[in-house]
Number of protein chains: 2
Amino acid sequence: MPAPDTQGVILEVASRLFASRGYDAVSMRDVAMEVGGTPANLYYHFKDKEHLIRATLAHVFSQRTAPLEKVLLSGSRPSDPLEIFIEWFVGLLFSDSVFARLLLRELLDGDSARLKYLSETVFERPFALITRVVAGYSTPTDPVLFAVSVIGLVLGHFQLAGILPHLPGGHAEFADPATVSRHTLELLRRILQAGPHERDAH
Amino acid sequence: MPAPDTQGVILEVASRLFASRGYDAVSMRDVAMEVGGTPANLYYHFKDKEHLIRATLAHVFSQRTAPLEKVLLSGSRPSDPLEIFIEWFVGLLFSDSVFARLLLRELLDGDSARLKYLSETVFERPFALITRVVAGYSTPTDPVLFAVSVIGLVLGHFQLAGILPHLPGGHAEFADPATVSRHTLELLRRILQAGPHERDAH
DNA sequence: GTCTATACGCGGATAGAC
DNA sequence: GTCTATCCGCGTATAGAC
């Protein structure tokens, strides 16, 4: 077994806490306590709280998006890449709340510098992959813009899942991954088939 | 002119600060200072911070969503209700960062009790209205689920607007309201036209 | 690497005068 | 209604021993 690897343990604990409660609501004391150490030791491994946050984000985002490349290549032949992506992304969001919540936190509160940093270090690749996937279809507008729609649609469904049960007509099943996955795919297929380029598609 | 109305002033200031920095990062002192008063006086008007937050949210959400009913009715005839809604919602999100950010904050961090409270007091009506709008078209699946897609799609575009300029191919114009509005409408129209119920629509 | 001890300001919240 | 004064715990961060 590998050495205890304190840094890794800290990042795991921090990612869980930051994701569920937010950066401000989680103190260095909280993280240290749950790691089984002291705040002082955290400051040995990370210069300050901001650096711990950045390291946590980079760790989680890069780790979780790394499989995408493989997933897209190794899909079973009959399914199309868009389906593979949607199912992977929906599955990730709904099953991995650490990833999901940290991502939404950054989109909401990440300052421009942090977003730029994260884009360059981790998001560029996966976003380019998704753009290339949708570019394989005959998109009604610019593929990049359409990629944003695809990601946004899934993200939106995930976010609304929490409030949906309280809204009129909002059955709980509308907020489950299988439904979201099937439904968004259905919508996207209709868009992809309805265009004037229909003949060239597929 | 109406009386100074301290409560209202507090809510305005609080909504601005909470929206931009988050609840934890804004102290009662911060709010008091910007209001031109003291923390003690805030506690005269609101039991504690949690109550101030709830009052702020209810204030902002109900105020901003109130016009929706009128907007949907008074649309110029040639445009369809979905277009009216999309343009209103996109415009609201992109022009009113207080509303937009508080909404996203709640979807992310609102506990179930607060989401239930907000749903019952302010979101039920607008959501039902939107559901009814989309139900006027031949939606491919359940109208409620489709309403979630419509809201989610717009919300997703708005959220990604902040990071888009840093991503490959992410031109700044893709993140502006006019583009988002036009583009999402284009997508939705394709979905609405592609269904097997096409003949019955419109 | 990890600890103990500690500095010091800021946080929510209340008592009681005006 | 609004203030001054205050309590007290918790926050980040560091010094220095082990």
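Reckoned from all heavy atoms, side chains included, excluding hydrogens, waters and symmetry mates. Letters A, B, ... are given to chains in the order of the sequence lines, protein chains preceding strands, and every chain is numbered from 1.
- Partner A:Thr179 forms a side chain to side chain contact (heavy atoms under 4.5 Å, CB included) with one of B:Thr141, B:Leu145, B:Asp142 and no other, that one being B:Leu145.
- Phosphate proximity of D:dT2 to B:Thr38: absent, as no side-chain N or O sits under 4.0 Å from OP1 or OP2.
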Could you list all N or O pairs between the protein and nucleotides 16-18 of chain D that sit under 3.5 Å apart?
none

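- A cation-pi arrangement is absent between A:Arg105 and A:Phe18 under the rule of less than 6.0 angstrom and at most 45 degrees off the ring axis.
- Here C:dG12 presents its P atom at 12 Å from CE of B:Met33, a figure rounded to the nearest Å.
- Near DNA chain D, meaning a heavy atom under 4.0 Å away, the residues from residues 7-28 of chain A are A:Val26, A:Ser27, A:Met28.
- By the neighbour-count criterion of 12 heavy atoms within 6.0 Å, atom CZ of A:Arg114 is densely surrounded, having more than that number from other residues, nucleotides or ligands.
- Aromatic ring centres of A:Phe123 and A:Phe127 lie farther apart than the 6.0 Å criterion allows.
- When rounded to the nearest whole Å, the span between NE2 of A:His51 and P of D:dT14 equals 12 Å.
- An OP1 or OP2 oxygen of D:dA13 is reached within less than 4.0 angstrom by a side-chain nitrogen or oxygen of A:Tyr43.
- Residue-environment remark: CZ (A:Arg132) stays at or below the threshold of 12 foreign heavy atoms within 6.0 Å.
- Atom pair B:Leu52:CG and C:dA13:C1' shows a separation of 14 Å (rounding to whole Å applied).
- The phosphate of D:dT2 (OP1 or OP2) has a side-chain N or O of B:Thr6 nearer than 4.0 angstrom.
- Note: CZ (A:Phe46) to P (C:dG1) measures 12 Å, nearest angstrom.
- Inspection of the B:His183 and A:Ser149 side chains reveals an N or O donor paired with an N or O acceptor under 3.5 Å.
- The environment of B:Arg64 atom CZ is dense: over 12 non-hydrogen atoms of other residues, nucleotides or ligands sit within 6.0 angstrom.
- Following rounding to the nearest Å, B:Lys49 (NZ) and C:dG12 (P) show an atom-to-atom distance of 4 Å.
- For the 3.5 Å distance criterion, the side chains of B:Tyr137 and B:Asp80 qualify, holding a donor opposite an acceptor.
- Atom C1' of nucleotide D:dA15 and atom OH of A:Tyr44 are separated by 16 Å, given to the nearest angstrom.
- As rounded to whole Å, 8 Å separates atom P of D:dA13 from atom NZ of A:Lys47.
- Taking for each of B:Asp48 and A:Asn41 the nucleotide of DNA chain C with the nearest heavy atom, the 5'-most of the two is the partner of A:Asn41.
- From A:Leu92, atom CG reaches atom OG of A:Ser97 across 10.5 Å, with rounding to the nearest 0.5 Å.
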